[in-house]
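Here is the structure we will look at.
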Amino acid sequence: MSAPVLARFSGAVRRTRAIALKEFRHMARDPQVVLLALAMPLVLILVFGYGVSFDVERVPLVVVDRDRTAESRALARAFTAAGTFDLVAVSDDEAAVEPLFRGGHAKVALVIPPDFQRAQGRGDTATAQLLVDGTDNATATIALGYAETIGLTLTQRDLPRGFDVPLRAEVRTLFNPALRSAVFIVPGLIVLVLVIVSVMLTALTVAREYERGSMEQLFATPVGRVELILGKLMPYFVLGLMQVLLVLVVGVYLFEVPLRGSVALIFVSASVFLLAELAFGLVISIVTRSQMVAAQVAAISTFLPALILSDFLFPIDNMPPPLRVVSSLLPPRYLVHALRAIMLRGNGVESVLPDLAAMGAFFIVMMVIATRKFRRTVA
Amino acid sequence: MSDVLTSSPALEARGLVRRFGRTVAVSDLSLSIAPGELYGLVGPDGAGKTTALRLLVGLLTPDGGEARVAGAVSHAAGGALRASLGYMPQQYSLYGDLSIDENLRFFGDLFGLSSTNFRERVAHLLGITQLTRFRDRRADALSGGMYKKLALACALLHRPRALVLDEPTNGVDPVSRRELWELLYTLVDEGLAVLLATPYMDEAARCHRVGLLQGGRLIAEDAPAALVRAFEDLAYFVTAADRDAAEAALHDLPGVRALSPHGPGLRVIVAAADAEAFRRRFASADMRWHLEPTAPDFEDVFLMRSIDAE
Ligand SMILES: Nc1ncnc2c1ncn2[C@@H]1O[C@H](COP(=O)(O)OP(=O)(O)O)[C@@H](O)[C@H]1O
Ligand SMILES: [Mg+2]
């Protein structure tokens, strides 16, 4: 690098740092914001951790066994063994399900098709159907999560030896139902907490400069748009990582959530997600130029997807195709997926690369939009 | 190189046009300000002063024409241009929750001042603005005058060649106002080019040169004294406690071009050609007020130029 280039670079670094430092100062002068940012994860994890776990024991289950073989009975037993499901009826006719659901007598139905054993014998995927009463979303979601684990555990038996079984862990927690939901929700909670506070705060920062009139003064200095954007991201990035740490610590110590994979990888994934969402927050701020509007847009476009489209409460597989497409365009589901893989299954970097790539791509797109939309003019 | 720089005006506008929707905020504005010159852009609210200043410092893109700072086109130029320009916006634009020191430090970093240079500049600027004692005070806890001085200090940190101030004395008490003006004169004497916008005629009269802005157009431009000398009408002062009655009575007298309330009476501007007739009618109409001729001032100039321009 030639000297002028180097000088220009060090100038850019200094300006970026000045912006970040100033933003930290704003935070320090307004400690309620920081307190809120750190209290929010605690409140949420307590609410979700304790609240949800009580709901999911003894979910009334009806089994429709149309196969009536040893395998089908084994599957049904697996469902009732954990204590999560309470067998309230057995039938060989699917028509029995709806009245039981309507009457509130059952919430989940396991339907085993007539060719279940044969399919398994052939080595094909043996498919059983799980019907869930969708009116009780929390139960439905958790039940689906359990069912998935149970189903996988069964298949695991037939897998060739030597296959690295990432599911063993889930089998273990399966017999510890009180902890199950905490295990299940921590990744989703991390996503939720990050978007609620960090993205919201970022969305407000640029708009605030416009509203206060300070943007006019800033634009009259040599500060560049990218410097301004990166400098503004930094403090909220740090705040976000602190939130992740908080949720992890509480999750691990209070709810004994397993941490099977690398903590570093968890933070790498959370960092990429944060960058993506913060850049999104900045785009909102730059486009709206108003704190009121920015807050509303941020709530709708980041909070809702994090809650609904992240696979956190509602399984993506059950969504109508358009929603699935929307969810695949937004970062939350990728972090939920990555965190579940790392924390619960102990997977390594190779299994979360696609998630990192997707979130990274979102970040780049947002940065391009942010710098394009960010004009150095006041009108 | 330095020849080119010194020979080109510090600030220059050529045929600037800027519209907002149907409003033409600035229309065909041309002006040029030399180093060491104090130029005042004067006009009422909505005249287009802020828009003109923003065009000059590159915060707005012109719809026509061109603005230049030290020869470089304003809206296209990057950091280099900004490093030679100090700008103080009309509204509060520093950070209220940061202290004087922190605000200065922030702008010092953005302008890339070395730490020795920064310390020197801050010591000097806080000294001349008499803010040294308040260094740790938050900007939102400063009085209007102190705030403006801080804003001025921030705009001067990097030793700009041109300074652009939008209503620098707005919300400032009379004492601080005088101090600010003394400061400006010192800066101009040191060779700085200063462009300021103001709605106050008394302030405009203190500039080396003024441009009268109305409806986005420059309707007159010269040294204030020259504009007053070129004033063709006559000015009278009518002492009247009952101003409204006086105004109604005087309104239809021959030659009366403008009436404006002023202190304990009315200022009356009369066309020179009709002055004789005006005085005769005033005397014969048995008016109970006292009439005396007075020297036209800058405010009269602005008033009449505005009326003529309409
Ligand atoms: N950002 C803007 N958007 C729309 N109209 C504007 C904007 N800025 C100024 N104007 C209009 O342009 C005209 C000139 O305004 P301005 O330059 O602020 O005048 P002044 O500073 O002399 O009060 C006014 O009619 C004002 O309403
Ligand atoms: Mg203005």
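This is a predicted model, so every value here is computed, not measured. Quick note: numbers below take in every heavy atom, side chains included, and nothing from hydrogens, waters or symmetry partners.
Highest contact tally toward chain A, considering only B:Val57, B:Asp97, B:Leu60, is held by B:Asp97 [criterion: heavy-atom pairs under 4.5 Å]. Ranked by heavy-atom pairs shorter than 4.5 Å toward chain B, the options A:Gln217, A:Glu227, A:Met215, A:Arg15 are led by A:Gln217. Of the listed residues B:Phe106, B:Tyr95, B:Phe107, B:Phe111, the one with more heavy-atom pairs under 4.5 angstrom with chain A than any other is B:Tyr95.
Proximity to chain B at a heavy-atom threshold of 4.5 Å picks out A:Lys22, A:Arg25, A:His26, A:Arg29 from residues 22-35 of chain A, in numerical order. Contacts with chain B (heavy atom to heavy atom, under 4.5 Å) involve these residues of residues 201-209 of chain A, listed by number: A:Glu209.
Contact annotation for B:Tyr87: both backbone and side-chain heavy atoms come within less than 4.5 Å of a heavy atom of chain A. Interface remark: A:Ile19 contributes backbone and side-chain atoms alike to the contact with chain B (heavy atom separation under 4.5 Å).
Between the side chain of B:Arg82 and the backbone N or O of A:Phe219 there is at least one donor-acceptor pair closer than 3.5 Å.
Heavy-atom minimum distance, A:Gly213 versus B:Ser93: O-CB, 3.2 Å. Heavy atoms only, all atoms of each residue included: A:Ala18 and B:Asp109 are closest at CB-CB, 3.4 Å.
With respect to A:Val378, the side-chain contact (heavy atoms from CB on, under 4.5 Å) criterion is satisfied by exactly one of B:Thr51, B:Leu59, B:Thr50: B:Leu59.
Residues A:Glu216 and B:Gln90 have side chains not in contact (no heavy-atom distance under 4.5 Å, counting atoms from C-beta outward).
Of the inter-residue distances, the one linking A:Thr221 atom OG1 with B:Leu85 atom CG reads 11.0 Å to the nearest 0.5 angstrom.
Enclosure of atom CZ in A:Arg212 by more than 12 non-hydrogen atoms of other residues, nucleotides or ligands within 6.0 angstrom is indicated.
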